Enquirer: 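First, the structure itself, so that you have it in front of you.
Sequence positions, counted from 1, serve as the residue numbers for this chain. When reading the values below, keep in mind they use all heavy atoms of this one structure, side chains included, and skip hydrogens, waters and symmetry mates. Because the structure is predicted, anything quoted here is derived from the model rather than measured.
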Amino acid sequence: MNLSIYGEAISSRLWVGTAHYPSPSVMQQALQAAQPGFVTLSLRRQQASGAETFWKNLRDLPFKLLPNTAGCHSAREAVTLAEMSRELFETPWIKLEVIGDDYSLQPCPYQLVEAATELVNKGFKVLPYCTDDLIVCQRLLDAGCEALMPLGAPIGTGLGLLNPYTLKQLRERHPNIPLIIDAGLGAPSQAAQAMEWGFDGVLLNTAIAEAGDPVNMALAFREAVTGGRRAFEAGLMQTRNSAQASTPLVDRPFWQQSS
């Protein structure tokens, strides 16, 4: 069940965001229930709501922080925000987002690769939020990224894994690269499915924060991720197009039962 990225052990395959919770107290309780490997946070939201208050809500929690560049639309903007985040949060980890379309919040591949290249050269441990496009993903790996975070569906939609074929193809093409499904998950069953397909983790926010009971939903996602990964490691049975009896027929000799 161990996960290592950029040479560091990550304690959990479930990563959780910090936006949209009904209160700081509920957020803290949900994070405790989830026990995430990373807690993501936005410097832009830090500045808007007051960095001191927000930091106070997180500083005592024993989780790794993953600042992100949410809201950036250019490589230069993302690099600047990443450098500010590294100084403020004292971590080289960065979730790199460079948005190309304001309606779908889909990442811009050109600006993303440019920003990733520069940040890797500056010593950041870059986790790029990207599409499942094979060429874009290869360019990000060529830039020095050691893990990728392809989206499952547009941010905040809860639609789940919209493109099973391309996601599975990406997993098959890069079997040894950590791949984290980021964005669009709405239910624990979707997280479990991603893990059963062999993805290394999931990152989500809205599905927990906007649930009727965020704390219980955080626990549900934690259990789903663990169960899905365990199923992948155990090896799923092969699917068949016709029925096959699971118990022997008592009125036939064993040598005939396979016919």
Side-chain angles (χ1 to χ4, degrees), residues 1-16 35-40 63-66 68 82 91-98 107 109-110 112-153 160-185 190-204 221-222 224-239:
M1 300 291 284
N2 295 332
L3 174 62
S4 177
I5 303 178
Y6 286 101
E8 288 194 35
I10 311 301
S11 63
S12 171
R13 296 175 185 272
L14 172 62
W15 304 357
V16 180
Q35 291 291 301
F38 274 110
V39 172
T40 65
F63 309 123
K64 293 174 72 72
L65 294 181
L66 179 62
N68 66 42
T91 176
W93 291 93
I94 192 73
K95 176 190 170 185
L96 178 61
E97 296 183 36
V98 184
Y110 312 105
L112 186 66
V113 171
E114 180 181 337
T117 302
E118 185 170 350
L119 288 173
V120 167
N121 289 336
K122 289 177 177 290
F124 282 88
K125 298 181 178 182
V126 181
L127 299 172
Y129 166 66
C130 59
T131 66
D132 51 22
D133 183 274
L134 289 175
I135 307 305
V136 173
C137 289
Q138 185 59 59
R139 295 294 180 270
L140 289 167
L141 295 174
D142 293 343
C145 296
E146 296 186 16
L148 302 173
M149 303 181 70
L151 58 87
L161 305 168
L162 289 183
N163 298 308
Y165 173 79
T166 53
L167 287 172
K168 290 180 180 180
Q169 186 181 50
L170 179 63
R171 177 72 287 176
E172 292 171 0
R173 186 69 63 88
H174 299 291
N176 299 316
I177 298 296
L179 299 177
I180 310 297
I181 294 293
D182 179 12
L185 298 183
Q190 297 164 356
Q193 186 171 57
M195 302 305 295
E196 289 171 3
W197 290 351
F199 283 86
D200 296 282
V202 299
L203 190 157
L204 55 113
F221 269 101
R222 178 184 173 186
V225 168
T226 298
R229 181 65 187 185
R230 194 178 302 278
F232 170 73
E233 293 178 345
L236 299 173
M237 65 167 284
Q238 294 295 316
T239 58

Enquirer: Can you pull out every side-chain hydrogen bond (donor to acceptor under 3.5 Å, both in side chains) where at least one residue sits in residues 173-184? Sequence neighbours excluded, please.
Expert: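 The answer is K95-D182.
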
Enquirer: Are any side-chain N or O atoms of R229 and backbone N or O atoms of M195, one a donor and one an acceptor, separated by less than 3.5 Å?
Expert: no

Enquirer: Side-chain contact test, heavy atoms from C-beta onward, threshold under 4.5 Å: evaluate it for I181 versus L161 and give yes or no.
Expert: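 I181 reaches L161 side chain to side chain.
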
Enquirer: Under a 4.0 Å threshold between the charged nitrogen and the carboxylate oxygen, would E8 count as salt-bridged to K64?
Expert: yes

Enquirer: Could you check I10 against W15 for side-chain contact (heavy atoms from CB on, under 4.5 Å), going step by step and ending with a plain yes or no?
Expert: CA-CA 10 Å; I10 311 301; W15 304 357; 3.8 Å; yes

Enquirer: Strictly by salt bridge (charged side-chain N to carboxylate O under 4.0 Å, His left out), give each pair with a member in residues 126-137 just once, sequence neighbours left out.
Expert: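 Found none.
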
Enquirer: With heavy-atom distances below 4.5 Å as the criterion, would you say the side chains of F38 and L203 are in contact?
Expert: no

Enquirer: Who are the salt bridge (Lys or Arg N to Asp or Glu O under 4.0 Å) partners of E172, not counting sequence neighbours?
Expert: none

Enquirer: With K168, which residues qualify under salt bridge (Lys or Arg N to Asp or Glu O under 4.0 Å), at least two apart?
Expert: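 K168 satisfies salt bridge (Lys or Arg N to Asp or Glu O under 4.0 Å) with no residue once adjacent residues are dropped.
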
Enquirer: Report the distance from atom CG of L119 to atom SG of C145, rounding to the nearest 0.5 Å.
Expert: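 One gets 8.5 Å once the value is rounded to the nearest 0.5 Å.
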
Enquirer: Given 3.5 Å as the limit, does a donor-acceptor pair link the side chain of R230 with the main chain of V225, or not?
Expert: no

Enquirer: Sequence neighbours excluded, which residues qualify as salt bridge (Lys or Arg N to Asp or Glu O under 4.0 Å) partners of R222?
Expert: none

Enquirer: Taking the side chain as every heavy atom from C-beta outward, state whether I180 and F199 have any atom pair closer than 4.5 Å.
Expert: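 Contact flag for I180/F199 side chains = no.
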
Enquirer: Using modelled atom types and a 3.5 Å cut-off, is there a donor and acceptor pairing between side-chain atoms of R139 and backbone atoms of V113?
Expert: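 The answer is no, because no donor-acceptor pair under 3.5 Å joins these two groups.
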
Enquirer: Within the structure provided, determine whether T131 and P150 are in side-chain contact (heavy-atom separation under 4.5 Å).
Expert: no

Enquirer: Once side chain to side chain donor-acceptor pair (under 3.5 Å) is applied, do any residues pair with D142, and if so which ones, sequence neighbours excluded?
Expert: Q138

Enquirer: May I ask you to check whether Y6 and W93 place their ring centres under 6.0 Å from each other?
Expert: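 Ring centres of Y6 and W93 closer than 6.0 Å.
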
Enquirer: What distance do F232 atom CZ and E196 atom CD have between them, rounded to the nearest 0.5 Å?
Expert: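 So the gap between those two atoms works out to 10.5 Å.
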
Enquirer: Looking at side-chain heavy atoms only, is the closest gap between C130 and L151 below 4.5 Å?
Expert: no

Enquirer: Using side-chain contact (heavy atoms from CB on, under 4.5 Å), reason through L127 and L96 one step at a time and then give a plain yes or no.
Expert: CA-CA 6 Å; L127 299 172; L96 178 61; over 6 Å; no

